[in-house]
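Worksheet for the structure shown next.
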Amino acid sequence: MPEVKRDTGEVKVDLSKSRDKTWFKKEFSASTLLFWIKGSVSVDYRFVKVVEQNTVLGLIPAGKHKQNIPLKNISAASIDTSYSVKDFIVGIIVALIGLAMINSSALFGFLAFIIGVGIFLNGIMTKLSIEKAGSAYEISVPFYDKQSLVYIQQAIEEAISTDIDKTDQSLYHHRLAEDDMDDVQ
């Protein structure tokens, strides 16, 4: 697992660089209510590998999506927070229906209220956009898991930097140290 260092307020992700193992791997939540359902991003010297858990309305697990993105095709990675008014409105309506149902059926009313709150909270998402070959690939996570995306973004930027440095032989050989990469030819 990567080590995270905190120096003077700036977060730095250390990658263990090697040709024969993953440099970085981080898991993230797929939805607000189903926080135990995780997706992951791993970075090595050739690829960024993404495994996302699909959900319906952020509430029902619906399989997974895998994506392998070559480092050479990635031009940038950026983080953005988005708000979905539709999810806010639907979440409030379902939560209010749940509160109204509590008098007639406490169980169904409470369940509808919890689902409404979950839909409302899924309206606040943090997105990591990976620019690849002219189009963006987005990974969305709940607002409380933003730090995971920050670590993933830093790992991708470090891997891109190392990959670009490999084309400049003088810079690449200057960067190499005994703890940087194993058996680079």
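Residues take their numbers from the sequence shown, with the count starting at 1. Since the model is a prediction, treat every value here as computed from it, not as a measurement.
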Looking at [atom1] of [X] and [atom2] of [Y], how far apart are the two atoms once the value is rounded to the nearest 0.5 Å?
| X | Y | atom1 | atom2 | answer |
| --- | --- | --- | --- | --- |
| Lys64 | Ile37 | NZ | CD1 | 11.0 Å |
| Ile102 | Phe113 | CD1 | CZ | 7.0 Å |
| Gln147 | Ile79 | CD | CD1 | 8.5 Å |
| His65 | Ile139 | NE2 | CD1 | 9.0 Å |
| Phe88 | Leu121 | CZ | CG | 8.5 Å |
| Ile69 | Ile156 | CD1 | CD1 | 7.0 Å |

Testing Ile130, Val48, Val41, Val50 one by one against Gln67 for a side chain to side chain contact (heavy atoms under 4.5 Å, CB included), which residue passes?
Val50
From the list Ile97, Leu96, Val90, side chain to side chain contact (heavy atoms under 4.5 Å, CB included) partner of Ile93 resolves to Ile97
Hydrophobic cluster membership, with links at side-chain heavy-atom distances under 4.5 Å among I/L/V/M/F/W/Y: are [X] and [Y] in one?
| X | Y | result |
| --- | --- | --- |
| Val85 | Ile119 | no |
| Met101 | Ile92 | no |
| Val117 | Phe143 | yes |
| Phe108 | Val94 | no |
| Val51 | Ile74 | no |

Nearest heavy-atom pair of [X] and [Y]: which atoms, and what distance?
| X | Y | value |
| --- | --- | --- |
| Ala112 | Gly98 | CB-CA, 3.6 Å |
| Val43 | Ala159 | CG1-CB, 3.5 Å |
| Gln53 | Lys38 | CG-O, 2.9 Å |
| Leu71 | Asp44 | CD1-O, 3.5 Å |
| Ile152 | Phe28 | CD1-CD2, 4.2 Å |
| Glu52 | Ser140 | OE2-N, 4.1 Å |

Does a donor on one side chain sit under 3.5 Å from an acceptor on the other, for Gln153 and Glu157?
yes
Please check: side-chain N/O of Asp145 versus main-chain N/O of Ser29, any donor-acceptor pairing under 3.5 Å?
yes
Could you go through Ser40 and Lys25, starting from their C-alpha distance and side-chain angles, then the distance that decides it, and tell me whether this counts as side-chain contact (heavy atoms from CB on, under 4.5 Å)?
CA-CA 7 Å; Ser40 68; Lys25 183 172 184 174; 3.9 Å; yes
Counting heavy atoms not belonging to Phe110, are there more than 12 under 6.0 Å from its CZ?
no
Could you go through Asp87 and Met125, starting from their C-alpha distance and side-chain angles, then the distance that decides it, and tell me whether this counts as side-chain contact (heavy atoms from CB on, under 4.5 Å)?
CA-CA 11 Å; Asp87 287 345; Met125 298 296 274; over 6 Å; no
